[in-house]
*Asks:* 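One structure coming up, written as structure tokens, with questions to follow.
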Amino acid sequence: MNILIVKLSALGDVTHALPALTTLRRARPDAQITWLVEEPAQDLLHGHPALNRVIVWQRGSWKSLARRVRWGALASSVLSFVRELRDTHYDLVIDFQGLLKSAVWVALARGRRKAGYGPGQRHDEHAWLALNERVTVTAPHAHAVERNLRLLEGLGFPRLPLAYDFPIPPARQNEADGLLEQSGLGNGTSFVAISSMTRWPTKNWSPGHFAAVSDSLHAAGLPSVFTGAPGDRADLDAIFALLKRPAFRIDGRTALQTLAAVFRRARVVLSTDTGPMHMAVAVGTPVVALFGPTSPEYTGPYGDANEVLCVGLRCSPCYRRTCTTKDYEPHACMLRLDPAAVARAVLRRAGMETEGGL
């Protein structure tokens, strides 16, 4: 049996679909399972034990070629991708994305059954028109992990114990160990990993708040390691300029699987609403998540080992990248989160409530 999974982006969305992948593998151990994904998230999938093949949609590269007016190279890349997508006749194509961009590739794929969500999604772009099997969305506001598993149930697959089986090759684990040793955190030293930055300004917390939390945790015996992408350097510089106690940073130095290995070594991960937060969940590390403009019920850290902190203002969740509230000060849903309460939550999840006072 040949199965094609279509889940293109983003990091969190792809991570949310991993339990569905492991369910498919356990239900169909002899199947050949392929995953179609975009470039930024491909590192999450390479080496996954449940996958036979990964097809990468080079969307970013196509945009770059178009901007540089390299039409010949663009046409060649598009044709090569379409040939790869259509080189197999799939018994089942599953669209876990449910958006127009995924519907295009579902329509072009060669498949007998093309299945996914029917009408009624939170962001309905009529992607179901490309399907010949449409599963009714009975709980459109359920957590994304739950919705993916319910989709499989609607296609006749059993509900099995949750598993991510997040792939971390030995080379990536070694990279993570090396970075931690360079930071003075080798030999099993406990630490909290902090993923502070997102691409939405409204999701971000203030540098002063992060610095205050890091200082408090250090005083309680739990040093902080700040992670991030290369583009986060200036924001992390702002945090580190306000620190009163030592902390460490490895921003711009980790591939996704290396970052996952760091998270697996951490005692707790403190995060805003961002893709790496879900990676931490996938490797089994407790998460303390800070939410404001988005809904933790739908995209929060999945599972009882984690804790979400939010203020719960009338205007949230608003799902806006720019704060437009007229009832509160700008960005109140994030800025009103108390650093002392956040530090206590981290220590609580680390099992250190009695080890250091706050």
Side-chain angles (χ1 to χ4, degrees), residues 9-13 15-16 97-100 117 119-125 137-148 194-214 216 226 228-229 231-232 234-236 238-239 242 268-281 286-304 306-346 348-349:
S9 63
L11 297 183
D13 293 336
T15 305
H16 288 153
Q97 196 88 50
L99 297 177
L100 180 60
Y117 302 105
Q121 287 199 91
R122 293 174 62 248
H123 304 290
D124 193 338
E125 297 183 359
V137 182
T138 56
H141 296 283
H143 194 280
V145 170
E146 182 66 24
R147 291 177 68 252
N148 291 332
I194 301 181
S195 177
S196 58
M197 302 310 303
T198 79
R199 290 181 292 178
W200 287 29
T202 51
K203 291 182 182 181
N204 291 334
W205 209 27
S206 75
H209 287 358
F210 272 117
V213 169
S214 179
S216 295
F226 285 81
D232 298 331
D235 296 292
L236 288 178
I239 294 172
L242 299 171
V268 179
V269 171
L270 170 62
S271 180
T272 49
D273 179 15
T274 184
M277 171 187 69
H278 303 292
M279 293 167 51
V281 173
V287 169
V288 173
L290 310 180
F291 270 71
T294 51
S295 170
E297 287 75 19
Y298 184 67
T299 57
Y302 189 73
D304 296 334
N306 312 298
E307 186 167 345
V308 173
L309 300 180
C310 57
V311 179
L313 303 182
R314 291 192 303 272
C315 57
S316 64
C318 65
Y319 300 103
R320 293 181 180 271
R321 294 172 183 255
T322 302
C323 182
T324 60
T325 184
K326 297 180 180 178
D327 299 322
Y328 310 97
E329 70 274 16
H331 305 285
C333 64
M334 290 297 294
L335 297 183
R336 288 191 182 187
L337 287 168
D338 177 36
V342 173
R344 287 194 297 270
V346 172
R348 186 162 54 246
R349 291 294 155 176

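Just so it is clear, the values below take in all heavy atoms, side chains as well, and ignore hydrogens, waters and symmetry mates. Residues: numbered from 1 along the sequence shown.
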*Asks:* In Å and rounded to the nearest 0.5 Å, what is the CG to OG1 distance from Asn204 to Thr198?
*Replies:*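 Nearest 0.5 Å value for the CG-OG1 distance: 4.0 Å.
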*Asks:* Got a sec: does the CZ of Arg199 have more than 12 other heavy atoms crowding it under 6.0 Å?
*Replies:*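 No - once you tally the heavy atoms of other residues, nucleotides and ligands closer than 6.0 Å, there are 12 at most.
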*Asks:* When rounded to the nearest 0.5 angstrom, what is the spacing between CD in Gln97 and OG in Ser9?
*Replies:*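 Separation between the atoms: 5.0 Å.
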*Asks:* Taking the side chain as every heavy atom from C-beta outward, state whether Cys333 and Pro293 have any atom pair closer than 4.5 Å.
*Replies:*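 In short, these two side chains touch, coming nearer than 4.5 Å.
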*Asks:* In Å and rounded to the nearest 0.5 Å, what is the CH2 to CG distance from Trp205 to Leu270?
*Replies:*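 It is 7.0 Å, given to the nearest 0.5 Å.
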*Asks:* For residues Val308 and Pro301, determine if any side-chain heavy atom of one lies less than 4.5 Å from a side-chain heavy atom of the other.
*Replies:*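 Heavy-atom side-chain distance check passes, below 4.5 Å.
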*Asks:* Is there side-chain contact between Leu313 and Arg336, with heavy atoms separated by less than 4.5 Å?
*Replies:*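 Of all side-chain heavy-atom pairs linking Arg336 with Leu313, at least one is under 4.5 Å.
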*Asks:* Does Ser216 reach the main-chain N or O of Ala212 with its side chain, forming a donor-acceptor pair under 3.5 Å?
*Replies:*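 It does hold such a pair.
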*Asks:* Are Phe226 and Ser214 side-chain neighbours, meaning at least one heavy-atom pair lies under 4.5 Å?
*Replies:*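 In short, these two side chains touch, coming nearer than 4.5 Å.
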*Asks:* Please confirm whether the backbone N or O of Leu11 pairs with a side-chain atom of His278, one donor and one acceptor, at under 3.5 Å?
*Replies:*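 Not at all, since once roles are kept as given, no pair shorter than 3.5 Å links the two residues.
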*Asks:* Classify the angle between the aromatic ring planes of His143 and Tyr302 as parallel (below 30°), tilted (30 to 60°) or perpendicular (above 60°).
*Replies:*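 If you compare the ring of His143 with that of Tyr302, the planes turn out tilted.
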*Asks:* Got a second to check how far Lys203's NZ is from Thr274's OG1, nearest 0.5 Å?
*Replies:*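 Answer for the NZ-OG1 pair, Lys203 versus Thr274, is 6.5 Å.
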*Asks:* Hey, what do you get for CG (Leu290) to CE (Met277), rounding to the nearest 0.5 Å?
*Replies:*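 If we round to the nearest 0.5 Å, Leu290:CG and Met277:CE are 10.0 Å apart.
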